[in-house]
Protein chains: 2
Amino acid sequence: MTAAQKPHWTRHFPTLDQVDDPTGLGVLADAREIQAPEGAVVFRPGSVCEQYLLVTEGSVRVQQTSSSGREIVLYRVQTGESCVLTTSCLLGGNRYGAEGICETQVNGIAIPAPRFMEGIESSPGFRRFVFQGYGQRIAELMTLIDEVAFGRLNVRLAQRLLELAHGQDALHCTHQDLAVELGSAREVVSRALKDFERQGWVHLSRGQIDLLDRPALERLAKG
Amino acid sequence: MTAAQKPHWTRHFPTLDQVDDPTGLGVLADAREIQAPEGAVVFRPGSVCEQYLLVTEGSVRVQQTSSSGREIVLYRVQTGESCVLTTSCLLGGNRYGAEGICETQVNGIAIPAPRFMEGIESSPGFRRFVFQGYGQRIAELMTLIDEVAFGRLNVRLAQRLLELAHGQDALHCTHQDLAVELGSAREVVSRALKDFERQGWVHLSRGQIDLLDRPALERLAKG
DNA sequence: CGGGGTTCAGTGATCTTGTCACTGCTTCGC
DNA sequence: GCGAAGCAGTGACAAGATCACTGAACCCCG
């Protein structure tokens, strides 16, 4: 989860016709296929946004750091998705206010801003593609506000554990990582996890959490 | 602040050419001028979104209610602005997830969904108009997440007091209203206000807060 | 292989915020 | 003028955040 900090994306080839066009629209004339290793920083607060980004494989974690240094994960951009923040920066012409970090090796497509604008102008299909997930994302941000403001920590933690496990029986991350997921503090997460362990729901070891009683966690996560 | 609960907007006239076109684009052929009294509910969670809304005068407060009944103000739509949530619902075809309430009498313009889509398709200027503030709003939502997750309550309260006072020396609202602004609880706000009063920064009376030491509040709000 | 630095996890003390239960005061409608 | 509803204040306690510190596990390097 915390990994090598080699920044910047790698241009793969200058133009693009070998590559699948996930929009099916041929707006991708100027698009470049890009690749980034796990841990790469795609953008940071203050970065100027110069291209529309589309993930074709992998996962980018978008998170925010407060002035006091605490962090929270806002959302993830996964295979087939694009990033609200990027889109909004392009449309509004402002700078990034958060940080995007590759959680896996990531393959993607970058469309330079001017070409993106043209696409928006000229292609109804591309427009639809761009704005499709947009509404969904806004709704997700509002849900996040609700959870952060009103949600119980143990409930949110149980949800995240199940989510991050991706159906596996164990997940490899530190308590600090989970604290960032939830926008909470490491000690608080540690205590909640210890509590789960006392209930027999999980088993804790350094850098790893084994899920022993998934149904119990699901019960907590739902209600 | 809490006012009459007469719902629904009033159609004013069926078509629109007497009215200023704030987009300057003539996309408003099918638009209707609408009017709503203070306290009117423009939309609720679950409402289907059938028209693009633009405020020409007044203020609409958009807020969310958690399952436990606690509420938080997400943002306000003011003169010349339109509502992110409405736009995202139109583009994504989903339902409202929050509530919009008129804080003043509100004049506005409504563009039916089909016409809105046409406008987006055909008019670059209208498109620009629609997406202009959009990026800004997303950034605001992320700031809100930051504040809710990491901000101190007394700091946030001081900020809101100054904001809601609009330069006046007093503001008329209940402690409960302020709790909703901040997504907090009434008792907590009451205590923080009492604390401000002990410092001599404000004077409290039923339904009213007088700001006595604005500089002190500003100091707290900034730092 | 061993030693030393670093990362990770656990814990108590204390502060802030949220929740619950209840009180008394004001306001408003009848 | 009376009763109901709304508003504000308060104490007790729970949940979460912060601070300071401990020890264990891991990694690198000689």
Side-chain angles (χ1 to χ4, degrees), chain A residues 1-5 39 65-72 145-161 170-198 202-210 220, chain B residues 1-5 39 65-72 145-161 170-198 202-210 220:
Chain A
M1 200 139 246
T2 38
Q5 291 290 93
T65 305
S66 79
S67 48
S68 64
R70 278 174 62 194
E71 298 170 274
I72 184 168
I145 291 172
D146 194 278
E147 285 179 355
V148 169
F150 309 127
R152 294 267 149 137
L153 192 101
N154 53 358
V155 174
R156 295 176 58 215
L157 179 56
Q159 288 168 347
R160 279 301 165 115
L161 288 178
L171 65 173
H172 296 268
C173 64
T174 67
H175 298 187
Q176 177 59 43
D177 291 332
L178 290 168
V180 171
E181 291 287 335
L182 303 173
S184 177
R186 202 250 323 151
E187 300 91 316
V188 176
V189 170
S190 281
R191 279 191 258 260
L193 284 171
K194 258 277 158 267
D195 200 64
F196 288 179
E197 191 175 45
R198 271 188 289 271
V202 301
H203 174 254
L204 302 176
S205 50
R206 187 189 173 92
Q208 174 165 343
I209 298 166
D210 301 299
L220 178 59
Chain B
M1 200 139 244
T2 37
Q5 290 290 94
T65 305
S66 79
S67 48
S68 63
R70 278 174 62 194
E71 299 170 274
I72 185 169
I145 291 172
D146 194 278
E147 285 179 355
V148 169
F150 309 127
R152 293 266 147 137
L153 192 100
N154 53 359
V155 175
R156 295 176 59 215
L157 179 57
Q159 289 169 347
R160 279 301 166 115
L161 288 178
L171 64 173
H172 296 268
C173 64
T174 67
H175 298 186
Q176 177 60 42
D177 291 332
L178 290 168
V180 170
E181 291 287 337
L182 303 172
S184 178
R186 202 248 325 151
E187 300 91 315
V188 176
V189 169
S190 282
R191 279 192 260 262
L193 284 171
K194 259 279 159 264
D195 200 62
F196 288 178
E197 191 176 45
R198 272 189 288 271
V202 301
H203 174 253
L204 302 176
S205 50
R206 187 189 172 93
Q208 174 165 343
I209 298 166
D210 301 298
L220 178 59

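Owing to the predicted nature of the structure, the values given are computational and were not obtained by experimental measurement. The sequence lines fix the lettering, A, B, ..., with proteins before strands; numbering per chain opens at 1.
For the pair D195(B) CG and dA8(D) C1', the interatomic distance rounds to 16 Å; values are reported in whole Å. Between I209(A) atom CD1 and dC8(C) atom C1' there is a gap of 12 Å when expressed in whole angstrom units. Between the NE2 atom of H172(A) and the C1' atom of dA25(D) there is a distance of 16 Å, rounded to whole Å. Distance, L157(A) CG to dA9(C) P: 13 Å, rounded to whole Å. L193(A) has its CG atom 10 Å from the C1' atom of dA9(C), to the nearest Å. Distance CD (Q176(A)) to C1' (dG10(C)): 15 Å, rounded to an integer number of Å. In this structure, CD of E197(A) is placed 11 Å from C1' of dA9(C), rounded to the nearest angstrom. At whole-Å resolution of the value, CZ in R198(B) and C1' in dG9(D) are 11 Å apart.
For V188(B), the side-chain contact (heavy atoms from CB on, under 4.5 Å) partners at least two apart in sequence or on another chain are L153(B), S184(B), A185(B). Evaluation of the side chain to side chain donor-acceptor pair (under 3.5 Å) rule for R156(A) yields no partner, not counting sequence neighbours. For S66(B), the side chain to side chain donor-acceptor pair (under 3.5 Å) partners are S68(B), not counting sequence neighbours. Applying the side chain to side chain donor-acceptor pair (under 3.5 Å) criterion to S190(B), with sequence neighbours excluded, gives H175(B). Scored by the side chain to side chain donor-acceptor pair (under 3.5 Å) test, R160(B) finds E181(B) as partners (sequence neighbours excluded).
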What pairs of donor and acceptor atoms, side-chain ones from residues 191-198 of chain B against any protein atom, are under 3.5 angstrom apart with sequence neighbours left out?
{"from": "K194(B)", "atom 1": "NZ", "to": "E197(B)", "atom 2": "OE1", "distance (Å)": "2.6"}
{"from": "E197(B)", "atom 1": "OE2", "to": "L204(B)", "atom 2": "N", "distance (Å)": "2.9"}

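With R70(B) contributing its side chain and F150(A) its backbone, the two residues share no donor-acceptor pair below 3.5 Å.
Interatomic distance, OG1 of T174(B) versus CG of D177(B), reported as 3.0 Å (0.5 Å rounding). How far CG of L161(B) is from CG of L178(B): 6.0 Å, rounded to the nearest 0.5 Å. With rounding to the nearest 0.5 angstrom, the CD atom of Q208(B) is 8.5 Å from the CG atom of L171(B). Once rounded to the nearest 0.5 Å, the distance linking CD of Q159(A) with CG of L182(A) reads 9.0 Å.
Between K194(B) and dG9(D) there is a side-chain N or O to OP1 or OP2 distance below 4.0 Å. Side-chain N/O atoms of H175(A) include one lying less than 4.0 angstrom from OP1 or OP2 on dG10(C).
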Under-3.5 Å N/O pairs linking protein and nucleotides 25-27 of chain C:
{"from": "dT26(C)", "atom 1": "O2", "to": "R206(B)", "atom 2": "NH2", "distance (Å)": "3.2"}

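Comparing the start and finish of the helix from dC1(C)-dG30(D) to dC30(C)-dG1(D), five pairs each, the helix axis swings through 30°, to the nearest 10 degrees.
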Practice problem: For nucleotides 12-19 of chain D, just jot down a letter per nucleotide in 5' to 3' order: B, S or -, based on protein non-hydrogen atoms under 4.0 Å. | Solution: B--SSBBB
